[in-house]
Amino acid sequence: MSRARRRWSIGRLLDGFFFVFAGLAAIWLAYLSLTQAFQVGWAGGLLAIAFWGLLAYLVLPRLHRILTAVYVPDYFMGRTRTSDGLLGDPVNLAVLGEREQIERAMAEAGWIAADPVGWRSSWRIVTSTLTRRSYPRAPVSPLFLFGRMQDLAYQQEVAGSPAQRHHVRFWQCPDGWLLPGGRRVDWLAAGTFDRAVGLSLFTLQVTHRIDADTDIERDHIVGSLTGVAGVGVDVIRDFATGYHSRNGGGDSITTDGDLPILDVRAVRVAESETTDAGIPNAAVSGAGVPVAGVPGAGIPGPATSGAADPGAATSGTVDSAAPR
């Protein structure tokens, strides 16, 4: 073994040691906060809140990062991952085209670009949720694919409520990367519908709870985009095995495993158009933006139970006018 390789191995060993040590220290700090809460009388309520904060935002996330680094495989399996390493929302869309074409198509379909996550935007979504005020550009939590956070995020509020919204994240695929089965795409996306605000089952953090039937939201996204001139769609049937599982927040998710591939390469983008999608006029006026329920795009029926080749794509086109 070379000296450079030995130094790298020792460095990784030390990094792992201190990472686990920090996790154990966080557990001990949370334990002390909990035990002290029963010894200081009325102030115990404040310590109990401090215990929850330590548990939800320090201890449990660190434990999940330690454990998932051991047992969650590090290869593409059609699922995103949370910052804690947990399996997140399913990858249920793919796109052919450039970034500017996606931004143009999303704007024309009535989708609004989400603000980046930061202290200001996070505080605003908390206050907007508590006061039930609209926040059309509310941030979405980071999810990871290809080892990085989403490149684009879009949403549509339902009835002006930041607690309920359609939203979708996009990741650009690495150069030369192919889907299982050999199909080439430029982008992958994960779309889900936020139905309410609640606590994560796994970390106890405050988060959005999603609707279990992710296929409905997938079809809604496809339906809204196929109404834009120049956008076509193809579908890989049974791309992933239909399953029932949970996402990183502990919400149940179901899917038939189909993967629509949206083709936006024919969408025309003006040379002077910027890459910031902004808030489109259609989204401000409400025209063409469904806000009552989660309509589908009419992708035909669930997948059959038989095994299928994930690389075999159908040539049919989705009928965006058919309700689900």
Side-chain angles (χ1 to χ4, degrees), residues 60-61 63-96 140-153 167-193 200-203 207-219 221-222 233-262 299 302-314:
L60 291 179
L63 281 178
H64 284 306
R65 287 183 62 190
I66 294 172
L67 295 175
T68 54
V70 175
Y71 71 80
V72 176
D74 189 19
Y75 59 83
F76 177 78
M77 62 179 72
R79 295 285 296 274
T80 61
R81 293 180 66 162
T82 69
S83 57
D84 306 325
L86 297 167
L87 293 179
D89 296 342
V91 173
N92 51 11
L93 288 166
V95 184
L96 293 168
V140 300
S141 59
L143 289 179
F144 294 81
L145 194 64
F146 307 122
R148 69 176 192 274
M149 193 176 70
Q150 66 267 6
D151 299 296
L152 298 169
H167 67 297
V168 57
R169 301 170 176 88
F170 294 88
W171 292 263
Q172 189 168 22
C173 299
D175 292 339
W177 188 86
L178 302 176
L179 288 170
R183 187 77 175 263
R184 184 184 300 276
V185 294
D186 298 316
W187 299 75
L188 291 178
T192 54
F193 177 73
S200 166
L201 178 65
F202 297 135
T203 64
T207 185
H208 279 93
R209 309 303 301 270
I210 69 168
D211 184 72
D213 194 342
T214 58
D215 294 344
I216 295 179
E217 184 67 4
R218 174 198 68 191
D219 296 352
I221 297 166
V222 172
V233 63
D234 192 11
V235 182
I236 299 179
R237 304 293 181 188
D238 306 318
F239 168 75
T241 303
Y243 61 84
H244 175 274
S245 183
R246 292 185 181 273
N247 72 350
D251 298 319
S252 294
I253 52 176
T254 61
T255 178
D256 58 20
D258 289 350
L259 182 72
I261 301 177
L262 291 160
I299 292 181
T304 59
S305 58
D309 178 4
T314 61

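In this text, all values refer to a predicted model and were calculated from it rather than measured experimentally.
Distance alone, capped at 3.5 Å, is enough to place a donor-acceptor pair between the Asn92 side chain and the Gly191 backbone. Using modelled atom types, one side-chain atom of Arg169 and one backbone atom of Ser141 make a donor-acceptor pair closer than 3.5 Å. When atom types are taken as modelled, the side chain of Thr80 and the backbone of Asp89 share a donor-acceptor pair closer than 3.5 angstrom. The closest donor-acceptor contact from the side chain of Thr82 to the backbone of Leu86 lies under 3.5 Å. Arg79 contributes a side-chain N or O that, together with a main-chain N or O of Gly88, makes up a donor-acceptor pair within less than 3.5 Å.
In this structure, the side chains of Asp186 and Val95 stay at 4.5 Å or more apart for every pair of heavy atoms. With a 4.5 Å cut-off on side-chain heavy atoms, Arg218 and Asp258 count as touching. Asp211 is not listed as a side-chain neighbour of Glu217, based on a closest heavy-atom distance of 4.5 Å or more. The side-chain heavy atoms of Val222 and Leu262, taken from C-beta on, include a pair separated by under 4.5 Å. Within the 4.5 Å cutoff, the side chain of Thr68 has heavy atoms near those of the Arg81 side chain. By the 4.5 Å heavy-atom criterion applied to side chains, Gln150 and Leu145 are not counted as neighbours.
Taking each heavy atom of Pro90 and Ala190 in turn, the nearest pair found is O-CB, 3.3 Å. Shown here for Val185 and Ala94, the closest heavy-atom pair between the two residues is CG1-CB, 3.8 Å. Pairing each heavy atom of Ala189 with each of Val168, the nearest pair is CB-CG2, 4.0 Å.
Taking CD1 of Ile216 as the start and OG1 of Thr255 as the end, the distance is 11.0 Å to the nearest 0.5 Å. Between Asp256 atom CG and Asp219 atom CG the span is 7.5 Å, to the nearest 0.5 Å. Here the CG-CD1 distance, from Leu179 to Ile261, works out to 6.0 Å after rounding to the nearest 0.5 Å. The line from CH2 of Trp187 to CG of Leu93 is 13.5 Å long, rounded to the nearest 0.5 Å.
Not a single salt bridge (charged side-chain N to carboxylate O under 4.0 Å, His left out) links Arg184 to another residue, sequence neighbours left out.
Between Phe239 and Phe76, the ring planes lie tilted relative to each other; the angle falls in the 30° to 60° range.
Using a 4.0 Å cut-off between charged side-chain N and carboxylate O, Arg65 and Asp84 make no salt bridge.
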